[in-house]
Protein chains: 2
Amino acid sequence: MTHIQSNDPLAELPGYVLRRAANAMMGELGARLAAIDLKISDASVLLLIAGRSDMTSSEIGKVLDIQRANMVPLLNRLEAAGLIARQPLDRKSQAIVLTPAGQTRLGEVQAITHAFEADLLARIPDADRPHFMPALKALIG
Amino acid sequence: MTHIQSNDPLAELPGYVLRRAANAMMGELGARLAAIDLKISDASVLLLIAGRSDMTSSEIGKVLDIQRANMVPLLNRLEAAGLIARQPLDRKSQAIVLTPAGQTRLGEVQAITHAFEADLLARIPDADRPHFMPALKALIG
DNA sequence: CAATTTTGCTATAGTCAATAGCGATCCGGA
DNA sequence: TCCGGATCGCTATTGACTATAGCAAAATTG
């Protein structure tokens, strides 16, 4: 349980609080996704390639900010679990697509993700909620 | 360079954006602190024990959310760098205090941290800025 | 067609956090 | 006072995750 103490002089530093909030939320999401045997990065891939059949490993990595080399064990794991398949696009590239089992699992991911995002937003006071996403987006890129 | 793509369906998920924002900001802070040979957790400890001489390793860990076991190499590193010292409180506990060199380094940490926090907040649109800390704090604990 | 870039991958190393366990010490209640 | 539980600092190990370098093959570009 993460709990900032009142005597913590770092509790007023935005960067520090940002890190703590992200850690707390990702811990929570990870715990929920563990119920369907997926890691956060696994779920991200499933959500990303949903309804598409043209995304290569490198493209997924670019979007999700995961390096080419680190995509390999990730996709191997998803393939071994029967959730994705590799479809040759040409002699060099291959598309990553959902298998039927992957489609099913994607449904569970969407349910968990949707509930999680709703719970996350619900914790934010009404007055602050509309400003949450714009503020975070301004910090990226 | 982190850069959410327009075709990224995850870009509207608060949890995902929160993680990306925290990663981007911590990467930036880590790079700035590397200039004075400190990691983020090192700097956090220095900021926390500033002006105090009664905090034990376990207490620091509780406040910063670092486990006892993981405090050891962290404090060893700071001690080897001559920035902190261990002062016995009784035969079991010891206070972690700044050395004179640690005081000096703390000044640099404060300068870097202050500039970083200012730059971070400056990136957030005026209208959203007052809502940033309250929203994040609501997610912790 | 030559040069460069891209793709998917191997192999490796480093960082970081989590777990379990240990001896010593401290503290609170009977 | 003494016993039992809690706490302290630490060791050792493990697992996740990330970063780097390099490679062969194929695609792309000029």
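In this text, all values refer to a predicted model and were calculated from it rather than measured experimentally. We use all heavy atoms of the structure for the numbers below, so side chains are in, but hydrogens, waters and symmetry mates are not. Below, read A as the first sequence line, B as the second, and so on, with proteins coming before strands; counting in each chain starts at 1.
Between B/K62 and B/E59 no salt bridge is recorded (no basic side-chain N to carboxylate O distance below 4.0 Å). Ion pairing of B/R129 with B/D126 is present here, as a side-chain N (NZ or NE/NH1/NH2) and a carboxylate O approach within less than 4.0 Å. Taking 4.0 Å as the cut-off between side-chain N and carboxylate O, B/R32 and B/D119 count as a salt-bridged pair. Between B/E12 and A/K137, at least one side-chain nitrogen of the basic residue sits less than 4.0 Å from a carboxylate oxygen of the acidic one, meeting the salt-bridge criterion. Using a 4.0 Å cut-off between charged nitrogen and carboxylate oxygen, A/D90 and A/K92 do not count as a salt-bridge pair. A salt bridge is absent between B/D65 and A/R19; no separation between the charged side-chain nitrogens and carboxylate oxygens falls under 4.0 Å.
Using a distance-only test at 3.5 Å, with no hydrogens or angles considered, a donor-acceptor pair links the side chain of A/T99 to the main chain of A/L83. Distance alone, capped at 3.5 Å, places no donor-acceptor pair between the A/N23 side chain and the A/R20 backbone.
Place A/R68 and A/I40 on DNA chain D by their nearest nucleotides, and A/I40 ends up nearer the 5' end.
Atoms CZ (B/R20) and P (D/dT18) sit 11 Å apart, rounded to a whole Å. Residue B/L89 contributes atom CG, which lies 11 Å from atom P of D/dC8 at whole-angstrom precision. Rounded to whole Å, atom P of C/dC26 lies 12 Å from atom CD of B/Q94.
Checking the phosphate oxygens (OP1, OP2) of D/dC10, a side-chain nitrogen or oxygen of B/R86 falls inside 4.0 Å.
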Could you list all N or O pairs between the protein and nucleotides 16-19 of chain C that sit under 3.5 Å apart?
from: C/dA18; atom 1: N7; to: B/N70; atom 2: OD1; distance (Å): 3.3
from: C/dA18; atom 1: N7; to: B/N70; atom 2: ND2; distance (Å): 3.1
from: C/dA18; atom 1: N6; to: B/N70; atom 2: OD1; distance (Å): 3.4

Under-3.5 Å N/O pairs linking protein and nucleotides 25-29 of chain D:
from: D/dA26; atom 1: N3; to: A/K92; atom 2: NZ; distance (Å): 3.4
from: D/dA27; atom 1: OP1; to: A/R91; atom 2: N; distance (Å): 3.0
from: D/dA27; atom 1: OP2; to: A/R91; atom 2: NH2; distance (Å): 3.3

